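Working notes, structure below.
Proteins come first, then strands; the chains are lettered A, B, ... in the order of their sequence lines, and each starts at number 1. Scope of the values below: all heavy atoms of this structure, side chains included, with no hydrogens, waters or symmetry mates. Given the structure is predicted, the values throughout are model-derived calculations rather than measurements.
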Amino acid sequence: MGKRILDILNTETSQPSITAEGWIQTVRTSGAVTFFEIGDGSTIFNLQAVADATLPDYTQLQHVPTGAAVRCKGELVASPAKGQKWELHLSHMEILGGVDADYPLQKKRHSFEFMRTIAHVRPRARTFQAVFRVRHALQMAVHRFFDEQGFIQVHTPIITASDCEGAGQMFRVTTLDMDKLPRKDGRIDFGKDFFGREASLTVSGQLEGEIFALAFKNIYTFGPTFRAENSHTARHAAEFWMIEPEMAFCDLAGDRAVAEDFIKYIVTEVLNRCSDDIDFFNQWIEKGLRDKLESLVQAEFATVPYTEAVAMLEKSGEKFEYPVKWGLDLQSEHERYLTEKLLKKPMFVIDYPRDIKAFYMRLNDDEKTVAAMDLLVPRVGEIIGGSQREERIDVLDKQLRHFDLNPEDYWWYRDLRRFGGVAHAGFGLGFERMLMYVTGMQNIRDVIPFARTPGNAEF
RNA sequence: UCCUGCUUAGCUCAGUCGGUAGAGCGGGUGGCUGUUAACCACUAGGUCGGCGGUUCAAGUCCGUCAGCAGGAGCCA
């Protein structure tokens with residue numbers, strides 16, 4: 001195994017003899033000299049390999065196609081031309097894997113839409129190499145942050161028989177024979193199914209996360225999440241990854257503090273570890289991306305109660321497509337106006353009306369609002385949603401009835417309030433949405449290796 | 001599910017008022033002593049998404065179906 005391209009390019013001195021392996025990104029011929037750019041995914045930059053007529057089989061090798069897998073040997077020397085510090089003067093090049101004529105990647109820009117149809121070669125393209133390097137770095141940063149803060153990661157179940165999750169349409173999991181469904185009283189008898197009851201793929205690990213928070217104090221989940229909504233937007237996928245920390249002995253202010261530290265930490269990590277990739281996105285994908293990220297890290301996040309946010313919007317004089325009124329949820333145009341135009345920095349909106357939020361959020365003393373928080377950031381809008389959880393069992397039961405839910409279905413969730421229950425809080429962050437924010441990519445399908453969306457599960 | 005838009009060469013697109021199908025990139029061939037979105041010349045490459053209609057004549061107008069994308073809703 002030869003050195004990675006990244007290591008070769010970071011060499012301090014010239015090298016009389018090195019081996020480099022990778023895929024041909026592009027070939028240029030000028031007179032008696034041919035330039036091959038070779039990449040292996042380790043960095044946004046390619047290694048320029050230079051060949052002339054002294055190379056054995058030079059005339060054949062001039063025609064090595066884009067995409068070919070090669071092993072190169074030669075001398076690494078300082079490059080006389082601009083564009084790269086080092087280049088490889090070839091003494092030998094071996095083609096390990098050729099390329100058929102219908103190789104779809106060309107040395108030009110393709111539409112992201114076309115790239116989605118060739119997800120098996122898409123990771124070879126520069127933009128996607130950068131996306132998936134950053135995806136890895138961001139993921140590592142998430143684990144590192146929580147580990148350093150003393151959080152325990154919990155692997156909450158992917159298959160759930162709990163119908164208490166109640167956040168959108170769920171995918172059913174079954175081993176029943178679809179052609180011969182067992183029936184009882186005219187309805188499908190899920191008692192005959194694998195788990196003896198209806199089962200689905202999880203839409204959230206939060207409720208199970210609360211169980212562990214009430215044992216380990218600070219925990220987080222980071223796993224796949226599934227929503228069967230027929231959503232056709234750039235921000236929705238049927239399968240995505242979600243991060244959900246949960247902290248016991250913690251109120252909404254503590255929740256906010258963790259969220260702010262967390263976002264700043266993971267963005268800082270990406271800036272430090274993927275600086276070249278961020279430069280690439282800054283140039284080709286989103287102008288001003290680097291400034292956006294660096295100012296997020298510096299900014300002191302604001303906190304505005306929902307009631308005040310509504311008042312601010314009402315007296316802004318701004319014309320909105322959707323109405324602004326106490327009791328209505330904020331539309332993304334409202335969120336963006338607040339964070340981009342009015343405050344010009346990340347902001348938490350807290351204390352939302354109880355009727356537009358979930359049953360488990362802690363009821364405030366005014367009995368009209370709940371201890372919820374959304375973190376809004378410029379150019380994206382909502383990126384985190386969280387709350388302090390209702391720990392008082394009488395109030396929780398009242399909330400369940402208020403939302404027409406049956407307390408018996410939530411027996412273990414209620415037990416947590418009877419067995420050493422204590423104030424606790426948490427939040428959820430869609431990993432791909434964060435990745436979109438950090439890379440500037442505008443479609444969630446382009447930050448997931450193999451995206452699942454309605455009608456699409458080819459790869 | 002609703003609304004809007006798109007579908008023309010391998011890819012990205014242009015195609016005017018309805019009148020013989022176009023460019024760039026990519027492929028092939030040749031040229032150029034250092035290129036970096038290389039450049040220059042030549043060349044091959046088309047069921048204009050499917051079906052139906054209007055018309056002397058449809059890529060273009062109308063209807064319909066399909067696929068894709070975006071927006072809304074829902075949310076992460």
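- Aromatic pair Phe145(A)/Tyr220(A): centroids not less than 6.0 angstrom apart.
- Phosphate proximity of rA38(B) to Arg28(A): present, with a side-chain N or O under 4.0 Å from OP1 or OP2.
- Taking the ring centroids of Phe431(A) and Phe240(A), they lie at or beyond the 6.0 Å cut-off.
- In the set rU35(B), rG70(B), rC68(B), the nucleotide with an atom closest to the side chain of Asn443(A) is rG70(B).
- Listed pair Arg445(A) / rG70(B) meets the phosphate criterion, a side-chain N or O lying under 4.0 Å from OP1 or OP2.
- Using cut-offs of 30° and 60° on the angle between ring planes, the pair Tyr413(A) and Phe359(A) is perpendicular.
- Of the candidate nucleotides rC75(B), rG71(B), rG34(B), rG34(B) has the atom nearest to the side chain of Gln48(A).
- Geometrically, Lys264(A) engages Phe301(A) in a cation-pi contact defined by less than 6.0 Å to the ring centre and at most 45° from the axis.
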Per-nucleotide pairing state of RNA chain B [Watson-Crick or G-U, under 3.5 Å; [ ] pseudoknot-crossing; | other strand]: (((((((..((((.....[..)))).(((((.......))))).....(((((..]....))))))))))))....
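- For the P atoms, the distance linking rG19(B) with rG59(B) amounts to 10 Å, nearest Å.
- The pair Arg4(A)-Asp7(A) counts as a salt bridge, with a side-chain nitrogen and a carboxylate oxygen less than 4.0 angstrom apart.
- For the pair Lys368(A) and Tyr352(A), the cation-pi criterion (under 6.0 Å, within 45° of the ring axis) is not fulfilled.
- When each of rU12(B), rU35(B), rA38(B) is scored by its nearest atom to the side-chain atoms of Thr26(A), the top-ranked nucleotide is rA38(B).
- In the set rA69(B), rC74(B), rC11(B), rC74(B) carries the atom at the smallest distance from any side-chain atom of Ser231(A).
- Remark on RNA chain B: of its neighbouring residues Ala32(A) and His110(A), the 5'-side contact belongs to His110(A), judged by nearest-heavy-atom nucleotide.
- Taking side-chain N and O atoms only, Gln84(A) has no distance below 4.0 Å to OP1 or OP2 of rU35(B).
- For Asn456(A) and Thr233(A), each mapped to the nucleotide of RNA chain B holding its nearest heavy atom, the one lying further toward the 5' end belongs to Asn456(A).
- Contact annotation: Arg235(A) side-chain N/O to rC74(B) OP1/OP2 distance is not under 4.0 Å.
- The base of rG34(B) is paired with the side chain of Glu87(A) by a donor and an acceptor separated by under 3.5 Å.
- In terms of phosphate contacts, Ser30(A) brings no side-chain nitrogen or oxygen within less than 4.0 Å of OP1 or OP2 of rA38(B).
- Salt-bridge annotation for Arg122(A) and Asp446(A): present, with a side-chain N of the basic residue lying under 4.0 Å from a carboxylate O of the acidic one.
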